[in-house]
Amino acid sequence: MSWASLVHAAGDWQVADAPLRFKLELLQKPTHASAGYFASLPDGGVLRGGKPATTVVTEDGKVLPSYVLWQNVENGFALVFAKPEGDPKSVSVYIQPGGAARVWSPNTGLTPGSILCTSPGRDTLAAAQAMAALGRVEGSVHWGENPGYSQAAFSISGDLSGRPKPAAFYQISHVDAPSAGEYWLAPSFHTGQGELRVDGAKVELKEKSKLWGGFGASVKLAKGLHRVEVLQTAPGSGPYSSNNRWGGLMYLEWKTPNEPLKNIEARAIKASEMARSGSCRLSALESREGSPMAVARVTPGLVYWFGNEEPLLILEFSALGAGYPADAKVTWTFPEGGTLEGSRVKWLVPGFREGRVKMTVQSGKAVSAAMIPYFGFSTQKTSLERADHREAFRDTLAEMLSVLPRSPDPVASWGDAWWNNIFRTVEGGEGEQLLRRLFGEHFEAIRKRLAPAQMAILEDVFLDVTLRDHPEENLEWLKKFFANTQDAARQNELRFREGELYMYYLNDRKKADFLFNGLAAARSGVGERARIRLGDMALLGGDLNKATSFYADVQNRARALRNTSGVAVGASVTRQLLTGGTVNQAVAAPRAAPDLKGGALQEVSLAENVRTLTEGGFLLEAIQGLDAWEAEFPLSKISGDFILREAAIYAKLKDWKHARPMLEAYCREIDSSSYLPEAVSTLILCVQSSKADPASIRGIVEKVRDRLKFHPVASQLDKFLSSTAPASR
Amino acid sequence: MNPATSKKVMSAALATTLCTGTLIAGDGTGEAGFVAPPREMIQKKPPAPPRVASSAETTGSCCCPAAPMSRTEAKKPPQPPVLLIKIREDNPGSGKN
């Protein structure tokens, strides 16, 4: 039998009286020709909630019989249509208003399967029976192909959209009986109520034996396809279990005529014994007049869900705008009030919640708008070990902040999940765009929402990321943060940062000297750090004795203090943010015995800690470890590998302005040490990577080369010197 | 203490121990960094679907049947370096180094 007849219409529009058409790409082919193709198509607001009369036409004008399974105004309609002859890649579904909609019935000759229709929020068989009646259904009802479990092809495991229990289900399937005869059908309903229908007749189940699959019914079947329907309820609440052993709602087993089964009455129906409709994908919705139509695809993306926090996930909204005019502008207005523009946008939504987005397409004077419903659910595996997964959260949130209304401040209403995920995704050298937007446009709301310790850590993270490329802006932020805190210790911390800014990035050592001298008067941690910086400044200025004197002075006091307490090296920055800084003192370096060996052990421990953190990419933590090391053993700058480890961190951050000066001073001032070869190599790397003038370090390299003429590094230094012209005077 | 009183005291002590163990072990609510879920997540069911016309392709069977949305893998905290150092102490009294 041939399904096809031909339509003739002017031009590309094949059905002249149809104002709309959906374009579908044909994907997976049906397992049986009669199973046809299944499509789920949106209402689009143009169908006015009515059952649509459809005409499905192939590219070459052949009409394929098509039938509606279910329809509602929220989800549109489920359509099944005959398999076209040959191997076409696409078909068009024309919509004719006022035409009589054809609802599928067994005598249409099509045998769709397996299609699952779900009514969330209902757990009665009456709700399942309403879906079994086909045609118009309740607004919340949705549908889709049900692939079944790998071990049980005929099964219902739960709501495929991820909505929680309760729910009622109706599944329409067709099974392929391999031979005529008596079949034993054994459905296993794990929960709720269930009903099995074969070829439209309800099957009465009874126990045949206590063996596996012993509860069921004998049914006479002819060879070929038979309609098997299941009505099922899922009472209770919460998510469905995906456990293979006791999860799922039901599965169907059978025993074919004369099939030898040992110690069981039935076995699971195989995938090859079921008819499956082909699948297709909506590529466009077009109007006869050529005006653009608003239609979209919602794709669930990455999930940010920890512990008992509210899950957040990224949804991607894509306009199916294959036929849009070039000047078409697509906008998306989200429930929170923000509007994004673009044919593909992303938005963070709370998990397990319903929502809707208003999509508008405008081309010239033609405007089309539609509401796009979504449900916050995704199964995409997400790991914060992956930089791109951290970046996706930050970028999506920054984009949202750029379009959300400012009043009331959206940040003020964020729950813990939003803040904690910001903390988790802000890493050393990452998150500048998001943090700039947060501090720049939502400063007051952040200040009110975060604990002072969290605020200080987040400010530090932001200051660190803006330091390298925007030192002048960094200075402005320092002033703003300074003005917004009354805490003297915090103010001193910010002054210290300002000193470092002048010292490394703004090249104003006078101002840096002034600030560090002011802080050095204080008998506190920041005072000691200021004295270490004064030592650094002396080293940069070429006064090794003065530098050593500052370092030794601080180290002596630190040793006295160390013998009475452990050395705090801090927890991970994310953990400090999550806990508001309360765990800062929780992780301490091992307490050493108050003798020389113990001190040496502790110094090695601190140095190795910094090295491990740097290699692991925990750069903020490595800088904190560096601070702890420097506070205890500042003389390591002269006698140890402190400057090398410091340069390694800032080289990873590509912060050459910070990495270079101390290396340069070390190579210039230290006559000989086992770290000198690596220091000079790293200095050359800094200069080359920052594209600075190599001649600026030629003199230093020459002197080191003279000292290390028998060391393997000499050949590298010779190569550098031969390729570098002397500095012009 | 007579045997009956002793039995009562032992039962009470055992019950207290078991309850305390159950409360302390397991759910992690007392750990540093625990953030309590919003109240509405516990009590409220998802709101009813909106009654509006849809213009989106249904994204039903996107994945394994009823596969639950899973938690995100956290970034692993930095691991401390492993140092193995033997410090030999001189003991003049033993005559050994």
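Every chain is numbered from 1, with letters handed out A, B, ... down the list of sequences.
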Verify, without hydrogens or angle tests, whether [X] (side chain) and [Y] (backbone) share a donor-acceptor contact under 3.5 angstrom.
X	Y	answer
B/Thr72	A/Val303	yes
A/Arg424	B/Lys75	no
A/Glu385	B/Glu73	no

Note to self: Please give me the minimum heavy-atom distance between B/Ser70 and A/Lys381, naming the atom from each residue.
What the structure shows: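 That would be OG-NZ, 3.2 Å.
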Next item on the list: Going by the side-chain contact (heavy atoms from CB on, under 4.5 Å) test, name the single residue among A/Trp305, A/Tyr304, A/Phe306 that passes it with B/Arg71.
Entry: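 Exactly one option meets the side-chain contact (heavy atoms from CB on, under 4.5 Å) with B/Arg71, and it is A/Trp305.
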Checklist line | For chain B, the option from A/Gly307, A/Pro239, A/Gly616 that forms the most heavy-atom pairs under 4.5 Å | finding: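 Sorted descending by pairs with chain B, the first entry is A/Gly307.
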Checklist line | A/Leu313 portion near chain B, given a 4.5 angstrom heavy-atom threshold | finding: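 Interface part for A/Leu313: side chain.
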Next item on the list: Select one option (side chain, backbone, both, neither) describing which atoms of A/Arg386 are under 4.5 Å from chain B's heavy atoms.
Entry: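 Contact with chain B involves no heavy atom of A/Arg386 at all.
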